[in-house]
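Heads up, the thing below is written out as structure tokens.
Because the structure is a prediction, the values reported are computed rather than measured.
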Amino acid sequence: MAVTSSINLVIDEIKDFKTKPSDESLGFGQQFSDRMLLREYKDNQWQVGRIQKYSNFSLPPSAMVFHYGQEIFEGLKAFRQENGNIAIFRPDENAKRMNRSAERMVMPTLEEGYFVDTLNTLVNLERDWVPRKKGTSLYVRPTMIATEGALGVHPAGEYYYFVILSPSGSYFSEGFKPTRIKVEDEFVRAVLGGTGQAKAGGNYAGSLLAAVNAKKEGYSQVLWLDGKEKKYIEEVGAMNIAFVIDNEVVTPKLTGSILPGITRKSVIQLGNDMGIKVREETLSIDFIEESIKSGSLTEIFGIGTAASIAPVGELKYKDHLHVLNNNETGPITQRFYDELTGIQYGRIEDRHGWVHIVE
Ligand SMILES: Cc1ncc(COP(=O)(O)O)c(C=O)c1O
């Protein structure tokens with residue numbers, strides 16, 4: 001029997017439940033929980049949403065997402081805190097970014113309150129799926145696709161908004177160990193005026209060839225340079241990037257072609273809180289290499305929801321290989337990791353009201 005919730009949501013009763021994976025076996029994005037949220041947009045408005053069994057869609061082969069790629073998504077995490085609370089990190093920021101992506105891709109926006117409240121209800125129903133082992137979480141993937149069945153390059157009139165949940169361990173197979181990154185000097189991810197600052201699936205499709213080539217050489221992700229001169233640092237495949245130079249943190253300025261990360265925004269605030277200066281600047285790859293050579297650049301770390309704070313142990317640009325901090329996690333990287341994850345897991349006070357307790 002379906003019930004209607006206070007946020008105008010139908011909640012299906014489900015009967016058969018999956019066997020949950022053990023916390024030890026968790027990778028990233030491999031298993032999905034019992035329920036999902038689905039809301040349709042048609043006749044120029046959003047319809048009543050439904051929390052239903054995680055199940056396949058049936059779409060016509062002409063659904064516009066398959067042809068013109070109108071697809072956007074978000075990524076955030078729910079953490080099991082030490083006192084048993086389930087906490088979602090900054091969902092209001094994801095709601096805002098999803099709407100900015102929707103506007104860029106000419107898709108319908110969602111009410112921010114609806115985005116957050118429905119995530120709360122879904123994660124609450126699925127709270128047993130939030131793993132317990134240190135460093136694990138429930139990854140939350142809100143997505144929007146164009147479902148109208150029609151050909152012709154124009155914005156679709158029908159969409160699905162859906163949310164799926166995936167219990168997750170470490171994003172990188174190597175865990176919280178320094179990762180190897182290759183600076184991409186052939187392909188580019190985004191250009192000014194393009195869609196780089198939207199979280200649109202097409203950006204990721206275009207990045208795959210470089211990522212596959214880098215993997216063949218033993219690198220876990222690529223570091224993108226700007227699309228015009230291939231000179232200025234932008235971001236890594238699925239995270240922003242920061243450099244420790246003379247004990248200060250420097251991260252590329254948001255130029256319009258970089259995804260404005262919510263973890264990046266949090267790191268800037270945390271640096272301020274911890275008395276570590278974080279600057280946003282235009283950084284050339286030449287300057288980065290010179291700073292490594294001179295010894296002023298001591299640490300590099302990636303910043304993003306999936307990987308949280310990811311130390312970089314090796315950076316390769318053309319045929320120059322740079323080893324950072326003897327391939328070990330540096331002290332400033334570790335401080336940011338401890339502070340950020342401390343707030344997320346409830347070990348450190350949530351001074352900025354970032355944590356949404358699920359209830
Ligand atoms: C291309 C890209 N850059 C940066 C990030 C980091 O953003 P956030 O901290 O919001 O996860 C992500 C992940 O969402 C990403 O896919």
Side-chain angles (χ1 to χ4, degrees), residues 20-29 33 74-94 116 119-120 122-124 126-140 165-172 174-179 238-240 242 244 247 249 251 261-278 299-312 325 328-359:
K20 296 187 181 61
S22 72
D23 286 5
E24 279 63 39
S25 69
L26 293 175
F28 182 81
S33 78
E74 271 304 323
L76 62 166
K77 280 179 171 174
F79 302 90
R80 188 176 292 279
Q81 298 194 325
E82 285 167 9
N83 63 3
N85 281 344
I86 305 293
I88 311 183
F89 191 66
R90 310 194 77 175
D92 50 321
E93 289 288 335
N94 294 88
V116 175
L119 286 194
N120 177 79
L122 179 64
V123 173
N124 202 16
E126 299 290 71
R127 60 194 304 134
D128 286 350
W129 280 89
V130 184
R132 290 178 160 74
K133 194 177 158 220
K134 194 164 185 265
T136 62
S137 59
L138 184 68
Y139 186 77
V140 180
L165 307 175
S166 177
S168 295
S170 178
Y171 186 70
F172 294 114
E174 60 267 39
F176 186 63
K177 279 200 220 111
T179 188
M239 29 183 213
N240 295 112
V244 179
N247 293 316
V249 175
T251 188
I262 293 157
T263 322
R264 174 188 181 280
K265 188 172 177 180
S266 308
V267 158
I268 293 170
Q269 179 64 54
L270 291 179
N272 214 15
D273 297 354
M274 295 191 294
I276 301 171
K277 193 158 190 182
V278 183
E299 299 173 45
I300 304 181
F301 56 94
I303 319 167
T305 296
S308 75
I309 302 290
V312 176
N325 198 46
E328 285 167 19
T329 302
I332 293 186
T333 305
Q334 186 73 49
R335 280 186 70 189
F336 277 99
Y337 178 83
D338 290 344
E339 193 71 16
L340 177 69
T341 56
I343 293 172
Q344 292 170 331
Y345 287 96
R347 293 187 293 268
I348 294 177
E349 189 202 346
D350 175 23
R351 310 180 285 274
H352 302 289
W354 287 345
V355 158
H356 172 99
I357 302 295
V358 170
E359 49 194 14

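The side-chain heavy atoms of L119 and N94, taken from C-beta on, include no pair separated by under 4.5 Å. Counting heavy atoms from C-beta outward, S22 and K133 have side chains that stay 4.5 Å or more apart. The closest side-chain heavy-atom distance from I276 to F336 is below 4.5 Å. V123 is listed as a side-chain neighbour of I88, based on a closest heavy-atom distance under 4.5 Å. Between F301 and V244, some side-chain heavy-atom pair lies under the 4.5 Å cut-off.
In the displayed structure, R132 atom CZ is contacted under 6.0 Å by at most 12 heavy atoms of other residues, nucleotides or ligands. Counting non-hydrogen atoms of other residues, nucleotides and ligands closer than 6.0 Å to NZ of K277 gives a total of 12 or fewer.
Between the OG atom of S33 and the CZ atom of R127 there is a distance of 13.5 Å, given to the nearest 0.5 Å. L270 CG to H352 NE2: the interatomic distance, rounded to the nearest 0.5 Å, is 6.5 Å. To the nearest 0.5 Å, atom CZ of residue R90 and atom OG1 of residue T263 are 9.0 Å apart. Annotation: the span from N325 atom CG to Q334 atom CD amounts to 11.0 Å, rounded to 0.5 Å. The CD1 atom of I86 lies 8.5 Å from the CG atom of L138; values are rounded to the nearest 0.5 Å. Rounding to the nearest 0.5 Å places CD of E359 at 8.5 Å from CG of N85.
The backbone N or O of I262 sits nowhere less than 3.5 Å from a side-chain atom of E93 that would complete a donor-acceptor pair. Looking only at distances, no side-chain donor or acceptor of K77 sits under 3.5 Å from a matching main-chain atom of F89. At least one donor-acceptor pair under 3.5 Å links the side chain of D350 to the backbone N or O of V355.
Listed here is the closest heavy atom pair of D23 and T136: O-CG2, 4.5 Å. Minimum interatomic distance between G29 and S166 (heavy atoms only, all atoms of both residues): CA-OG, 3.3 Å. Looking at every heavy atom in both residues, Q81 comes nearest to Q344 through NE2-O, 3.1 Å. Residues A78 and V130 come closest through the heavy atom pair O-CG1, 3.8 Å. Closest of all the heavy-atom pairs between S308 and L340 is CB-CD2, 4.2 Å. Taking every heavy atom of both residues into account, Y345 and R80 meet most closely at CD2-O, 3.6 Å.
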* To do: Could you please spell out the steps behind the side chain to side chain contact (heavy atoms under 4.5 Å, CB included) verdict for E74 and V140?
  => CA-CA 8 Å; E74 271 304 323; V140 180; over 6 Å; no
* To do: Determine, step by step, whether I309 and V267 satisfy the side chain to side chain contact (heavy atoms under 4.5 Å, CB included) criterion, reporting the C-alpha distance in whole Å, the side-chain angles of both residues, the deciding distance to 0.1 Å, and the verdict.
  => CA-CA 9 Å; I309 302 290; V267 158; 3.7 Å; yes
